[in-house]
Enquirer: 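This is the structure I have questions about; it appears just below.
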Amino acid sequence: MDYDKLADLLFPDVTDDPDQYESMYPERNLPEGACVTRLGPSPTGFIHLGNLFSAFADERIAHQSGGVFFLRIEDTDDKRFVEGAAETVIRSLDYFGISFDEGAGADGDTGAYGPYHQSERGAIYQAYVKRLVRRGQAYPCFMTEDELAGIRKTQEENKENPGIYGKWARCRDLSYEEVEERIKAGESYVIRLRSDGSNESPKYIKVNDAIRGEISMPENSMDIVILKATGIPTYHFAHVVDDHLMRTTHVVRGEEWLSSLPVHIELFDKMGWKPPVYCHTAHLMKIGENGTKRKLSKRKDPELSLDYYRKDGYHPAAVREYLLMLLNSNFEEWRIANPDIPADEFEFSVSKMSNSGALFDLDKLNDVCKDVLVKIPATELAGFMTKWSEEFKPEALHLFKGQEDYIARILDLGRDGKKPRKDLVCASQIFEFISYFFDEYFRIEEDLPERVSREDAAGILKAYLATYDHSDDQGTWFDKIRDIADEFGYARKPKDFKKNPDDYKGHVGDVSTVIRLAIVGRSQSPDVWEIQQILGKDRTENRIREFETSLERA
RNA sequence: GGCCCCGUGGUCAAGCGGUCUAAGACAUCGCCCUUUCACGGCGGUAACCCGGGUUCGAUUCCCGGCGGGGUCACCA
């Protein structure tokens with residue numbers, strides 16, 4: 001068979017010498033040890049937690065080493081195309097503080113290694129495929145879908161390995177004439193790799209995965225499709241060509257790719273290129289309905305969607321912190337030792353990445369949020385609340401927009417000192433947490449303490465109002481409450497009550513709870529005196545009065 | 001089913017042949033602090049999947065089971 005002739009028949013218009021691309025996209029001029037990574041999302045633009053997880057790793061590996069992190073849109077499947085994918089991806093990741101150095105962008109590509117949309121790289125792929133054909137390492141295949149399905153069926157029945165190899169690769173050795181004839185007849189065809197691997201007695205290949213160490217697998221023996229009937233390459237081929245030409249040094253991807261690694265290794269080998277360092281990450285898991293771990297699925301699990309966290313108003317810095325914890329097992333300990341250093345200064349290491357699937361733990365995320373939010377200045381959080389309500393709680397926007405100073409004072413309640421309060425988790429929770437500051441949301445949510453009668457409560461409030469002086473300092477203020485406790489037969493100090501419970505109706509805590517109830521509508525809140533200072537004299541007195549009259553009325 | 005990955009408390013995980021009567025964090029329980037809650041402090045419950053080897057000695061190495069996950073497309 002004259003492969004040159006076959007190559008020209010298949011690709012009459014392709015005249016490019018693929019070697020020209022080697023000089024068009026030379027080795028990157030980077031310092032020793034700098035890594036080049038990439039994110040290659042399909043163009044649905046939908047970024048989920050798994051992508052984010054992987055993107056953090058990519059970003060850290062590149063930026064920590066002084067390398068390059070770029071975005072390549074992998075739109076080789078026209079069925080999945082969505083307009084404006086690059087913008088969506090960039091926006092989603094930017095929200096979490098991840099930025100690209102080059103690649104696909106909202107306003108076109110930047111960088112010298114493009115195009116960064118696979119759909120625009122047709123000429124490059126074709127040139128290399130043509131060369132493969134010329135070398136006899138790839139061939140056209142005319143098998144129809146039905147034929148393929150039939151093969152699979154017999155293979156299954158005979159318990160043979162499924163796939164196109166050996167005798168099943170029926171188009172492997174077609175004559176030039178037959179190929180020419182079938183093309184003329186308008187038959188559609190794909191280009192398959194002519195694999196050198198043996199299906200019966202495969203050699204084993206060893207690959208050093210940066211996360212998993214040495215893994216050994218049977219070599220590839222399948223004549224996989226490298227160019228679809230549409231002339232567009234499959235993922236496998238595009239990955240090999242692109243990551244070589246774009247000079248990617250580290251490929252971070254999910255472990256679902258592990259099983260196609262032999263294909264990629266053979267492809268790199270046939271192309272005469274050195275494969276990148278592979279980093280196969282474990283999947284994020286969740287507990288399924290049957291109580292077992294399973295991969296998070298983007299169709300079934302809302303918590304995989306980034307919008308899920310945006311809706312609840314999880315702060316990006318917290319999500320980032322949490323994901324970093326899952327990504328690198330020693331991050332958490334580092335964080336405990338270095339509570340105030342930016343996360344970027346943590347020395348990320350690929351080898352410390354977990355190789356078993358981590359269960360997503362909302363409790364842990366919430367806890368991380370508390371620690372992260374307590375370090376964010378209140379004014380910044382106030383702005384965050386405005387943005388969040390703009391998108392997810394528009395009916396409450398007026399409470400935040402333009403009110404940032406007021407909100408900041410509220411959010412700062414009890415956050416100073418060496419033991420700051422940590423009650424802020426996420427925007428939706430914060431809204432709920434501070435809702436009593438908004439008159440339209442304020443209401444009495446809980447009952448009086450058990451030890452306080454309705455009459456006593458009304459009396460306590462009356463007495464409180466009578467002695468209330470908005471300019472009292474905190475000490476004076478609470479002394480007055482102790483006096484009221486005394487007056488109504490409650491112990492001035494809880495300890496007195498504990499010692500002699502029969503001498504009192506309760507203790508000062510019960511009395512202050514009544515006041516707290518009047519002011520915030522619930523029995524738990526930050527310091528009431530500070531709340532009153534923010535609320536102001538009038539609103540404070542009004543709330544006391546209103547609760548008192550409501551108690552008397554009933 | 002073939003192939004591959006993974007297997008330490010409820011969860012995330014240290015451990016890389018003896019220092020393991022197995023660290024830490026979250027969750028949980030109890031106590032302390034305290035006008036409530038939160039914070040903080042102290043303490044408790046709780047784990048090396050099973051069976052064979054190798055070894056003076058296995059959580060750690062090897063093999064076999066078992067369990068979980070992934071993958072076997074002209075999808076990525």
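Chain naming here is simple, since letters A, B, ... match the order of the sequence lines and numbering starts at 1 in each.
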Enquirer: So Y204(A), base contact, sugar-phosphate only, or nothing? Heavy-atom distance under 4.0 Å.
Expert: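 The residue Y204(A) makes sugar-phosphate contact but no base contact.
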Enquirer: Give none if A47(B) has no partner; otherwise give the nucleotide forming a Watson-Crick or G-U wobble pair with it, both distances under 3.5 Å.
Expert: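 A47(B) is paired with nothing.
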Enquirer: Which value, in whole Å, describes the distance between the C1' atoms of nucleotides A76(B) and C61(B)?
Expert: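 Their C1' atoms lie roughly 38 Å apart.
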Enquirer: When all nucleic acid strands are considered with a 4.0 Å heavy-atom cut-off, which category describes V190(A): base, sugar-phosphate, or nothing?
Expert: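 Base contact - V190(A) has a heavy atom under 4.0 Å of at least one base atom.
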Enquirer: Donor-acceptor pair under 3.5 Å: do we get one between S512(A)'s side chain and the base of U35(B)?
Expert: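 A donor-acceptor contact between them is present.
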Enquirer: Tell which nucleotide pairs with G30(B), taking only Watson-Crick or G-U wobble pairs whose two distances are both under 3.5 angstrom.
Expert: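 Looking at the geometry, G30(B) pairs with C42(B).
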Enquirer: What's the closest nucleotide to the P494(A) side chain, out of U35(B), C74(B), C5(B)?
Expert: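 Output: U35(B).
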Enquirer: If you check the T234(A) side chain, which of C12(B), C74(B), U35(B) turns out closest?
Expert: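 Closest nucleotide among those given: C74(B).
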Enquirer: Heavy atoms under 4.0 Å is the rule here; annotate nucleotides 24-31 of chain B 5' to 3' with B where the base is hit, S where only the sugar-phosphate is, and - elsewhere.
Expert: BBSS----
Enquirer: Partner lookup for C16(B), please. Criteria are Watson-Crick or G-U wobble with both distances under 3.5 angstrom; report none if nothing qualifies.
Expert: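 Looking at the geometry, C16(B) pairs with no nucleotide.
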Enquirer: Between Y490(A) and Y504(A), is the ring centre distance below 6.0 Å?
Expert: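 Ring centroids of Y490(A) and Y504(A) are no less than 6.0 Å from each other.
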Enquirer: Among the nucleotides U35(B), C37(B), C12(B), which one has an atom lying closest to any side-chain atom of V508(A)?
Expert: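 Side chain of V508(A) sits closest to U35(B).
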Enquirer: Among the candidates C37(B), C74(B), C39(B), find the nucleotide nearest to the side-chain atoms of K422(A).
Expert: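 The nucleotide sitting nearest to the side chain is C39(B).
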Enquirer: Quantified in whole Å, what is the C1' atom distance between nucleotide G68(B) and nucleotide C29(B)?
Expert: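 My reading of the C1' atoms in G68(B) and C29(B) gives 30 Å.
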Enquirer: Does a side chain donor of either E74(A) or H239(A) reach within less than 3.5 Å of an acceptor in the other side chain?
Expert: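 No, no side-chain donor-acceptor contact under 3.5 Å.
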Enquirer: Side chain of N355(A) only, heavy atoms from C-beta on: which candidate in C6(B), A76(B), C4(B) is closest?
Expert: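 Of the candidates, C6(B) comes closest.
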Enquirer: With a 3.5 Å limit on both atom pairs, tell me what G9(B) is paired to, counting Watson-Crick and G-U wobble, or say none.
Expert: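 Here G9(B) is not engaged in any pair, so there is no nucleotide opposite it.
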Enquirer: Which value, in whole Å, describes the distance between the C1' atoms of nucleotides A22(B) and C48(B)?
Expert: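 It comes out at 8 Å once rounded to the nearest Å.
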Enquirer: Students often mix this up, so state it plainly: with edges at 30° and 60°, are the rings of H236(A) and H264(A) parallel, tilted or perpendicular?
Expert: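 Taking H264(A) first and then H236(A), their aromatic rings sit tilted (interplane angle of 30° to 60°).
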Enquirer: State which of A13(B), C39(B), U71(B) makes the closest approach to the side chain of E256(A).
Expert: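 Comparing A13(B), C39(B), U71(B) against the side chain of E256(A), the answer is U71(B).
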Enquirer: Roughly how far, to the nearest 0.5 Å, is the OG1 atom of T540(A) from the CD atom of Q532(A)?
Expert: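 It is 5.0 Å, given to the nearest 0.5 Å.
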Enquirer: Check the orientation of Y235(A) and W257(A). Use parallel for under 30°, tilted for 30 to 60°, and perpendicular for over 60°.
Expert: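 Correct class here is parallel.
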Enquirer: Between the base of U35(B) and the side chain of R516(A), is one N or O donor paired with an acceptor at under 3.5 angstrom?
Expert: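 Such a pair exists between side chain and base.
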Enquirer: When rounded to the nearest 0.5 angstrom, what distance separates CG in L424(A) from CD1 in I376(A)?
Expert: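 L424(A) CG to I376(A) CD1: 9.5 Å, rounded to 0.5 Å.
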Enquirer: OP1, OP2 of A73(B) versus side-chain N and O of R152(A): anything below 4.0 Å?
Expert: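 For A73(B), OP1 or OP2 has a side-chain N or O of R152(A) closer than 4.0 Å.
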Enquirer: Return whichever of M222(A) or D510(A) has its heavy-atom-nearest nucleotide of RNA chain B closer to the 5' end.
Expert: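 Upstream on the strand: D510(A).
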Enquirer: Is there a Watson-Crick or G-U wobble partner for G2(B) with both distances under 3.5 Å, and if so, which one is it?
Expert: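 U71(B) is the nucleotide pairing with G2(B).
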Enquirer: Protein-nucleotides 45-48 of chain B N/O pairs closer than 3.5 Å?
Expert:
none

Enquirer: Any cation-pi pair here, R543(A) with F442(A), using under 6.0 Å and within 45°?
Expert: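 The answer is yes, since R543(A) meets both limits relative to F442(A).
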Enquirer: Suppose you measure atom P in C16(B) against the same atom in A73(B); what distance do you get, rounded to whole Å?
Expert: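 After rounding to an integer number of Å, I get 42 Å for this pair.
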Enquirer: Would you check if the distance from the ring center of Y322(A) to the ring center of F360(A) is below 6.0 Å?
Expert: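 They qualify: ring centres under 6.0 Å apart.
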Enquirer: Heavy atoms from C-beta onward define the side chain here; which of U34(B), U35(B), C74(B) lies closest to that of Q474(A)?
Expert: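 Selected nucleotide: U35(B).
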Enquirer: State which residue, out of K167(A), R170(A), R172(A), fulfils the salt bridge (Lys or Arg N to Asp or Glu O under 4.0 Å) condition with D223(A).
Expert: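 For D223(A), the salt bridge (Lys or Arg N to Asp or Glu O under 4.0 Å) check succeeds only for R172(A).
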Enquirer: Report the C-alpha distance between E321(A) and K375(A) in whole Å, list the side-chain angles of each, state the deciding distance to 0.1 Å, and finish with yes or no for salt bridge (Lys or Arg N to Asp or Glu O under 4.0 Å).
Expert: CA-CA 13 Å; E321(A) 192 93 351; K375(A) 298 213 181 71; over 6 Å; no
